[in-house]
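In what follows, a structure is listed as structure tokens, so that the remarks can point back to it.
Each ligand, and each atom within it, is numbered from 1 in the order the structure gives. Only a predicted model underlies this, so the values are computations on that prediction, with no experimental measurement involved.
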Amino acid sequence: MRKLSLFLGLLFCGPLAAQPQRPNILFIFSDDHAPQAISAYGSRINQTPNLDRIASSGALFRNSFCANSICGPSRACILTGKHSHVNGFLRNGNKFDGTQTTFPKLMQEVGYQTALIGKWHLSTDPTGFDHWEVLPGQGSYYNPDFIQMDGSRQRFEGYCTDIITEHSLQWLKEQRDQNRPFILMCQHKAPHRNWSPPARHFSLYKDVDVPEPESLFDDYAGRSKLLQQNEMSLKNHFSWGHDMKFQGDNYFPDYFRSLRGNGEYRRMTAEQRAAWDAAYEPENQEFIRRMKAGELTDKQVVQFKYQRYIKDYLRCVQAVDDGVGQLLDYLDDEGLAENTIVIYSSDQGFYLGEHGWYDKRWMFEESLKMPFLIRWPGVIEPGTKSTALIQNIDYAPTFLDWAGANIPQAIQGRSLVPLLKNQGQPSANWRDAIYYAYYENAAVHNVPVHDGVRTDRYKLMFFPRGREWNLFDLQQDPQEMRSVHADPDYAGVLAGLQKRYRDLRQFYDVNTATIPATRGDESRWKARNAQLTANARRGNVDLAFIGDSITQGWEGAGKQVWEQHYGERRAINLGIGGDRTEHVIWRLTHGNLGKIKPKVAVLMIGTNNTGHFMQDPDEVAAGVGEILDILAERLPETKIVLHGVFPRGADSLDEARLNNVAINQRIRRLADGERVHYLEIGQHFLEPDGTIRREIMPDLLHLSEAGYEKWAVALEPKLKELGL
Ligand code: CA
């Protein structure tokens, strides 16, 4: 309706006359604030009166989820309205491509003022904002630096949360154009690790114990064994200085993982430090005394860690709540409240000791959920509560809807506006499930790559490392302590959710063959990858072989043949056994091309996408295409010999072989005869009846020495043709 009235306005009344007043948007966003630490969500451990003001005058969403539970990726999902694999920001450490379409740019185009103050964490400078001022990286709690729009850094004395609130208020008061609607994104660092509170909240919870979560001592039984490999437990992965805020020597190295100091302490002024010491040192000294006296059991040490952790966390939350109160008061005092939509959210949830953890990443409820509180005066009835499944990819289309801007087709989220107008009641065609994916493999905290779907009642997770499903019935097991994927009673649920998983992946265009992936958690892979990078750094290469175990095998069964054909030709082997297209994509963009500028690169990849996954041939072909694009960009002068994937299996009707045939039908078309030359030599390995002799492929997949000889002979004319 809004678009229609705008259109009529343009026709009959001039551009602005008939345009309804569009709302301002105040988006308050924190970092790692779990819903279970907001009293409106029923927190057992704290009170957040100002956040509760938003909930009580508007709506609270219980089933609000992130698409990828980690700081940078969640922000990228919000800006683009797209899942991580589409917006390209898969994991922290990526650089956000600020040239892509984001909602702030589109809002600018329809006349909104856009401002961003606080944590950004996307490595590149913000784009699409009329005003921005951001923390470098994670930023600091004490006396933080802010990057200014001219690129300079400015340090402000004080406490980060308070400074972000003050600067947001300043922008509202002094810098915004009062004649245009605005969106202000006030983005806190708090309560991110290492949870450093302001002095005014040091005494909060001082003489009380905060209740422990039931699963604080979770033994990880009944779920994927990968849970046990986590490196994010209070018990084993807390540092003496950084997390626990002890100064000086770590007297108990068996209990505290490292000496890593508290960087915030080093930034403090003498006055701040004196207040800090007065608050922390007596407790610290008492703990050291009791430990030395042998008074504390292992369990009590974990409990002590939990109390220190949760109190610091909640004190940081309290400062966020204070800031929210100041902003709400300002809107009230200035008469802005009526036409300003206020949202409070956080980039993901967090473990507040549940499962023995701090941090996020896993698809379990505590970190999958994001708080979502919203006040929209005159539209949302006060005290509304919704259980509709919403996700952070919905924010961008919602903002665009409010602004009266077009919502691009490529956006994957859905506008929440109809849902909000209907008091949180979803329409019949609202989503039945959300898709989640986490991509940081074997990085900080050792949480494996996994993805999955969640409906209102069930959650299905898939762990590619180990090819393992976990299924949870949230109604029977809200704490997710027992996977029922192997329970016969749940066979139907499992099959249904697996179908939903596959369909949602297709719907969101999730093709793992094109999404860069490392196998850095496998020590042999890691070592070989490092060796290949070192080899490539030496440069001086005319011929490069890129692929999986069949390529790596030139160093095994094919060694003599290699020496004979390529020993004198400055050739490099960039094959790693077990690799799929996504791993080659990762390697070629993470050092494996080193300084080489080969005349010819020989690429064969895809048979593991077939064998391990029976992946759709279209998807595998897209992965091969992605590799060719990378080579075109990084080695524009290099000619490529693209091999059809070699045949495998006993005979011509072997299922994996048929999949390779289908892949080859597609990748053949990727050749241009100029830079990329397609070469299919599979027939040389086959008998006339289509079978493969064990003398050529002993395991019907890998080549023997005789097989490598056939490869070299079949390849040679093409190498000559390409000038080698
Ligand atoms: Ca975060």
Side-chain angles (χ1 to χ4, degrees), residues 27-38 41 51 64-80 83-84 87 89-96 116-123 126 134-141 144 160-161 164 185-197 230-232 237 242-243 263-264 309-310 312-314 316-317 319-321 323-324 343-355 357-373 391-393 395 436-440 443-447:
F27 179 73
I28 311 172
F29 190 65
S30 59
D31 194 323
D32 295 356
H33 189 184
Q36 67 270 31
I38 295 175
Y41 277 96
L51 291 173
S64 154
F65 305 104
C66 59
N68 182 353
S69 182
I70 183 84
C71 305
S74 176
R75 287 151 208 270
C77 291
I78 288 171
L79 285 167
T80 59
H83 279 282
S84 303
N87 69 48
F89 202 99
L90 295 167
R91 56 182 74 83
N92 278 350
N94 283 160
K95 287 190 190 317
F96 183 70
L116 164 76
I117 292 165
K119 186 169 173 182
W120 172 246
H121 205 214
L122 289 170
S123 298
V134 297
L135 297 168
Q138 296 284 9
S140 302
Y141 277 107
C160 189
T161 305
I164 290 170
M185 303 177 77
C186 169
Q187 305 202 151
H188 290 293
K189 167 188 174 58
H192 192 278
R193 193 183 185 188
N194 67 343
W195 320 291
S196 304
N230 81 83
E231 296 176 1
M232 49 187 273
H237 307 99
H242 181 67
D243 298 310
E264 296 295 341
Y309 159 57
I310 198 66
D312 280 350
Y313 180 94
L314 295 176
C316 290
V317 166
V320 171
D321 191 71
V324 170
I343 293 170
Y344 181 79
S345 177
S346 189
D347 56 357
Q348 52 342 266
F350 213 66
Y351 297 96
L352 305 182
E354 296 92 352
H355 307 295
W357 290 334
Y358 63 97
D359 214 77
K360 50 248 179 182
R361 300 163 200 271
W362 298 94
M363 201 190 162
F364 295 107
E365 290 293 272
E366 292 82 1
S367 63
L368 177 64
K369 284 192 170 174
M370 301 166 76
F372 192 84
L373 306 173
Q391 202 165 18
N392 53 356
I393 54 171
Y395 298 4
Y436 173 87
Y438 173 78
Y439 292 100
E440 275 194 33
V444 185
H445 300 306
N446 202 28
V447 177

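From E231, atom CD reaches atom NE2 of H445 across 9.0 Å, with rounding to the nearest 0.5 Å.
D347 contributes atom OD2 as its closest N/O/S atom to the Ca ion (ligand 1). For D31, the N, O or S atom closest to the Ca ion (ligand 1) goes by the atom name OD1.
Taking the side chain as every heavy atom from C-beta outward, Y141 and K189 approach each other to under 4.5 Å.
Among the atoms of Q348, an N, O or S atom falls under 3.0 Å from the Ca ion (ligand 1).
Screening Y41, W195, Y344, F350 for a ring-ring contact (aromatic ring centres under 6.0 Å, His included) involving H33 leaves a single residue, Y344.
Centred on the Ca ion (ligand 1), the SG atom of C71 and the OD1 atom of D32 lie at an angle of 120°, reported to 10°.
Look at D32 and R193 and you find no salt bridge, because none of the NZ, NE, NH1 or NH2 atoms lies under 4.0 Å from a carboxylate O.
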